Amino acid sequence: LIREKVLKNKEVVEYTVCPAGAPEPFTVREVPATLDISGSGAGGGALGPVTSERKFLVPGVGEVRTLELDPEEAGLGSTVWDSGIALAALLTSESSPFAEDLNGKRVLELGCGPALPGLTAALAFPDAEVHLTDYNPAIARSLQRLGVDNVEAFPLDWNDSLRPGGLAQALAGRGDYDLCIAADCIYHSIPSAFTATALELLDRNPNLRLIVISQADRQGLPLVVERLKALSASDKQQPGGDASEEEEPASGVDGPASGSEGPA
């Protein structure tokens, strides 16, 4: 969905998002940002390995700040990838076919990394409850620094869904969700833990809306969609079936089993 990345005046980067079904493209701009990280937990302190700040101007929202993290501690979740920029715009731009009023609703971001999509949703809809999750506790700690009132960040390992009651225990006391989002969490095959997590969330709330975005050359995304459809249909035919038992790990399962993933 990112069609061009244009450097303007060596300071402003423009990302043009062209979703199918929208009457016209829309633009996200990244502008210069500075951050004093002295005493902020850089290098793995209490608030996480923060190294710098990025600032995005997202349609329908305005300014959204994210924190870049030390790759040695945050891995692929250390930075905002292009799919996250596209998803942020898709959630809030008036002309987007994916936009909806999220006020009063509960939103979960999986494998969030710096969490540009989730933070964008939280700022655009102040009456929404947004949960940002990543398998890496350092990432969750770093998100506390941003101080967005309607956001809660906590670690969530997709592998929890592969053991009976694991995901329910990890999400205990947090209820069900109306929208689940994920950006750049799928590569070229079927990540079993991600698929099982999505299936269990759909089982908890059949009306859940699931929006997953990856780069166009990622072959795993349509495979995951088909697997979810097949497993969901199987669950309906066999009440009480355990998604984690039906999900078979695919050969060549992508990257880390959980958390944020960027370009391969």
Side-chain angles (χ1 to χ4, degrees), residues 44 46-49 67 69-81 83-84 87 106-119 129-144 151-177 179-187 189-205 208 210-214 218 220-221 224 227-228 231 242-262 264:
L47 291 178
L67 299 176
L69 309 178
D70 182 352
E72 292 188 3
E73 297 196 46
L76 292 170
S78 63
T79 191
V80 177
W81 302 101
S83 291
L87 180 54
R106 307 181 76 251
V107 180
L108 174 68
E109 182 170 4
L110 298 174
C112 67
L116 178 61
L119 291 170
E129 183 178 351
V130 179
H131 290 174
L132 308 176
T133 65
D134 198 283
Y135 81 102
N136 190 329
I139 292 176
R141 289 196 302 269
S142 72
L143 292 167
Q144 298 172 7
V151 162
E152 179 186 359
F154 55 92
L156 181 65
D157 189 337
W158 303 337
N159 286 309
D160 289 337
S161 64
L162 297 178
R163 56 183 179 83
L167 187 63
Q169 182 178 354
L171 295 175
R174 293 190 167 96
D176 297 331
Y177 296 95
L179 173 66
C180 178
I181 57 176
D184 262 333
C185 291
I186 298 173
Y187 283 92
S189 57
I190 301 175
S192 300
F194 178 90
T195 308
T197 299
L199 186 68
E200 186 165 342
L201 290 169
L202 288 163
D203 187 58
R204 289 161 60 108
N205 177 16
L208 173 76
L210 176 64
I211 302 178
V212 184
I213 183 172
S214 291
R218 301 282 173 82
L221 185 52
V224 168
R227 178 66 62 89
L228 285 172
L231 291 174
D242 189 328
S244 63
E245 295 177 354
E246 292 181 328
E247 176 68 85
E248 297 180 0
S251 59
V253 170
D254 294 319
S258 58
S260 303
E261 300 180 3

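Note that the numbering runs from 1 along the sequence shown for the chain. Note that these values count all heavy atoms, side chains included, but never hydrogens, waters or copies made by symmetry. Fair warning: this is a prediction, and the values are worked out from it, not measured in the lab.
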**Request:** For G77 and L69, work out which heavy atoms get closest and say how close.
**Result:** O-CD1, 4.2 Å
**Request:** Evaluate the side-chain proximity of V212 to C185: yes if any heavy-atom separation is below 4.5 Å, no if none is.
**Result:** no
**Prompt:** Just how far is it from atom CG of L167 to atom CG of L156, taken to the nearest 0.5 Å?
**Reply:** 6.0 Å
**Request:** State, yes or no, whether a side-chain contact exists between R218 and D184 at a heavy-atom distance under 4.5 Å.
**Result:** yes
**Request:** Mark yes or no for whether W81, through its side chain, and A183, through its backbone, hold a donor-acceptor pair below 3.5 Å.
**Result:** no
**Message:** Quick check for you: to the nearest 0.5 Å, what is the distance between L179 atom CG and L201 atom CG?
**Reply:** 11.0 Å
**Message:** Can you tell me how far apart OG1 (T79) and CG (D70) are? Round to the nearest 0.5 Å.
**Reply:** 12.0 Å
**Donor-acceptor under 3.5 Å (N136 side chain, E73 main chain)** = yes
**Asked** Has the side chain of S189 got a donor or acceptor atom that lies under 3.5 Å from a matching backbone atom of G220?
**Response** no
**Message:** For a 4.5 angstrom cut-off between non-hydrogen side-chain atoms, does H131 reach L171?
**Reply:** no
**Reported CG-to-OG distance for the pair L221 and S83, which is rounded to 0.5 angstrom** = 9.5 Å
**Asked** Sub-3.5 Å donor-acceptor pair from the side chain of D134 to the main-chain atoms of A140, do we have one?
**Response** no
**Asked** Sub-3.5 Å donor-acceptor pair from the side chain of R227 to the main-chain atoms of S192, do we have one?
**Response** no
**Inter-residue atom distance I186.CD1 - I213.CD1, 0.5 Å rounding** = 11.0 Å
**Complete:** To the nearest 0.5 Å, atom CG of L67 lies from atom CD of Q144 at 11.5 Å
**Asked** Taking side chain as C-beta onward, heavy atoms only, is V151 less than 4.5 Å from L132?
**Response** yes
